[in-house]
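Report on one structure; see the data block that follows.
Only this structure's heavy atoms are used, side chains among them; waters, hydrogens and symmetry mates stay out. Just so it is clear, the structure is predicted and the values come from calculations on it, not from any experiment.
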Amino acid sequence: MIKIGTALFEAAEQLEREKGISKDVLVSSLCDALVAGYKKHIKDKDAENVEAILDETAGEIGVFRTKLVAEEVENPDTQISLEDAKEIDDEVEIDDEVKIEVTPENFGRIAAQSAKQVITQRIREAERKMVLDEFLSKKGTLITGIVQRKDERNNVIVNIGKTDAVMPTREQIPGEYYKPGNRIRVFVLNVKETTRLPQVIVSQAHSEIVRELFELEVPEIEDGIVEIKSIAREAGFRTKLAVWSNDPSVDSVGACIGPRGSRIQTIVGELKNEKIDIVRYSNDPVEYIVNALSPARIISVDILADEETRKEAFVIVPDDQLSLAIGREGQNVRLAHRLTGWKIDIKSESQAAQMEKQAQKEAPAEIEAEEENVVEETVETVEAVETAAESVEEAAETTEE
């Protein structure tokens with residue numbers, strides 16, 4: 001047996017406290033390393049029934065080989081005679097198994113070298129698996145992290161506890177300054193397994209971060225009374241949220257806003273004053289489109305196409321509401337389209353009237369053109385009939401002659 005003292009166990013306990021890696025992982029790694037070192041020492045990597053046993057009480061570890069007690073020993077590597085087995089255990093019988101210590105002399109140095117490599121590798125694997133399991137369970141949720149730095153690709157590195165996460169440029173809020181040391185809330189977008197520690201991808205621009213914030217701040221959403229039907233977001237600028245109440249006595253929009261706007265103010269503050277429009281969801285597409293285009297007032301909504309692959313609507317608004325309905329650089333109508341899934345064509349009242357006048361002017365010309373086509377087709381038909389009749393008469397005269 002090799003004397004290892006208490007230092008190993010103290011190190012294992014410290015590792016468990018600091019990194020959460022179980023002491024059993026270290027002990028198992030040490031035993032595996034000892035077995036690997038023994039097989040290398042005897043130059044037989046395929047040696048069977050070899051194991052390392054650790055005696056924590058005595059602080060010793062050794063290599064043992066299990067052998068079968070046999071009347072006649074045909075293979076000394078796997079069998080032992082009853083007489084030799086009795087020296088180890090007086091009560092042993094034929095066909096019993098006994099463990100025989102085979103720890104080589106001066107094996108401590110070789111074991112230490114093998115143990116260092118194996119233990120280091122096992123600790124890394126255990127740490128990687130632990131981090132992977134933890135953050136896979138957190139995928140799709142909000143967590144708090146501390147900004148560390150920006151790398152050469154302008155990605156923000158965020159410490160989230162046992163590892164650092166990466167927030168790519170596309171997942172950052174445009175114009176936001178990420179100061180090292182600041183605490184921020186991020187959305188766990190993805191977890192990628194690598195040869196080292198897993199790579200955790202986080203986001204502050206994803207639309208689901210809005211859902212998570214509302215679930216945290218609005219108990220009715222957490223309880224399932226109010227349901228978020230759809231979210232359309234342009235991070236850092238504006239978000240539209242469609243909500244629906246499963247309880248007629250609960251106002252879905254009011255629940256999200258909160259008493260004196262307390263709930264929505266907390267969420268807006270978390271999103272760095274991003275504008276949020278909360279609208280009521282409706283199964284009626286006309287009503288839903290009207291709500292989605294708020295705060296603009298709508299005169300009418302005409303459904304042009306309502307198919308599985310094509311949904312189009314024509315919306316008329318007052319002249320003074322056109323810019324509000326479209327929004328800055330088309331943002332309001334673009335978000336309404338993404339929120340509802342409908343392609344929305346917006347015109348002002350005067351533009352719609354102009355289009356109607358133009359259509360009325362073009363209508364007579366189209367009718368006249370259609371009438372001319374009908375006349376031409378009729379003339380052609382008559383001429384064809386006359387030609388056919390003449391051919392019949394000529395054939396009849398030829399027959400008489």
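Between Arg185 and Glu212 there is no salt bridge, since no side-chain N of the basic residue sits under 4.0 Å from a carboxylate O of the acidic one. A salt bridge does not link Asp133 with Lys138: every distance from a Lys NZ or Arg NE/NH1/NH2 to an Asp or Glu carboxylate oxygen is 4.0 Å or more. A salt bridge is defined here as a Lys NZ or Arg NE, NH1 or NH2 lying under 4.0 Å from an Asp or Glu carboxylate O, and Glu234 with Lys275 fails to meet this definition.
The closest donor-acceptor contact from the side chain of Asn332 to the backbone of Ala325 lies under 3.5 Å. Here the side chain of Lys139 pairs no donor or acceptor atom with the backbone of Val191 at under 3.5 angstrom. Between the side chain of Asp319 and the backbone N or O of Ser350 there is at least one donor-acceptor pair closer than 3.5 Å. A donor-acceptor distance shorter than 3.5 angstrom exists from the side chain of Gln351 to the backbone of Ser348, with no hydrogens or angles considered. Between the side chain of Asn246 and the backbone N or O of Gly224, at least one donor-acceptor pair lies under 3.5 Å. A donor-acceptor distance shorter than 3.5 angstrom exists from the side chain of Thr266 to the backbone of Ser262, with no hydrogens or angles considered. Although no hydrogens or angles enter the test, the distance criterion places a donor-acceptor pair under 3.5 Å between the side chain of Arg263 and the main chain of Ala255. Of the possible polar contacts, one joining the Asp96 side chain to the Glu93 backbone as a donor-acceptor pair under 3.5 Å is found.
The environment of Glu329 atom CD is sparse: at most 12 non-hydrogen atoms of other residues, nucleotides or ligands sit within 6.0 angstrom.
Ile221 is listed as a side-chain neighbour of Ile228, based on a closest heavy-atom distance under 4.5 Å. Counting only heavy atoms from C-beta outward, the side chains of Val200 and Ile160 approach each other to under 4.5 Å. A 4.5 Å side-chain heavy-atom check between Leu189 and His206 finds at least one atom pair inside the cut-off.
Every residue was checked against the salt bridge (charged side-chain N to carboxylate O under 4.0 Å, His left out) condition with Lys86, not counting sequence neighbours, and none meets it. The salt bridge (charged side-chain N to carboxylate O under 4.0 Å, His left out) check on Arg297 picks up Asp320, with sequence neighbours excluded. The salt bridge (charged side-chain N to carboxylate O under 4.0 Å, His left out) test applied to Lys343 returns no partner, not counting sequence neighbours. For Glu274, the salt bridge (charged side-chain N to carboxylate O under 4.0 Å, His left out) test picks out Arg233, with sequence neighbours left out.
Checking each of Gln204, Gln172, Lys150 against Tyr178 for a side chain to side chain donor-acceptor pair (under 3.5 Å) leaves exactly one that passes, namely Gln204. Test Asp151, Val147, Val166 against Val156 for side-chain contact (heavy atoms from CB on, under 4.5 Å) and you get one pass: Val147.
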- Tell me, with the steps shown, if Ser249 and Asp247 meet side chain to side chain donor-acceptor pair (under 3.5 Å). CA-CA 5 Å; Ser249 63; Asp247 185 346; 2.8 Å; yes

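Atom CG of residue Leu304 and atom CG of residue Asp302 lie 6.5 Å apart, to the nearest 0.5 angstrom. Taking CD1 of Ile344 as the reference point, atom NZ of Lys311 lies at 12.5 Å (rounded to 0.5 Å). Atoms CG and OG1, from Leu293 and Thr340 in turn, are 8.0 Å apart once rounded to the nearest 0.5 Å. Distance check: Glu208 CD to Thr141 OG1 gives 11.5 Å after rounding to the nearest 0.5 Å.
Applying the ring-ring contact (aromatic ring centres under 6.0 Å, His included) test to residues at least two apart or on different chains, none of the pairs has a partner in residues 240-259. Here ring-ring contact (aromatic ring centres under 6.0 Å, His included) pairs that include residues 267-312, with residues two or more places apart or in two chains, are Tyr281-Tyr288.
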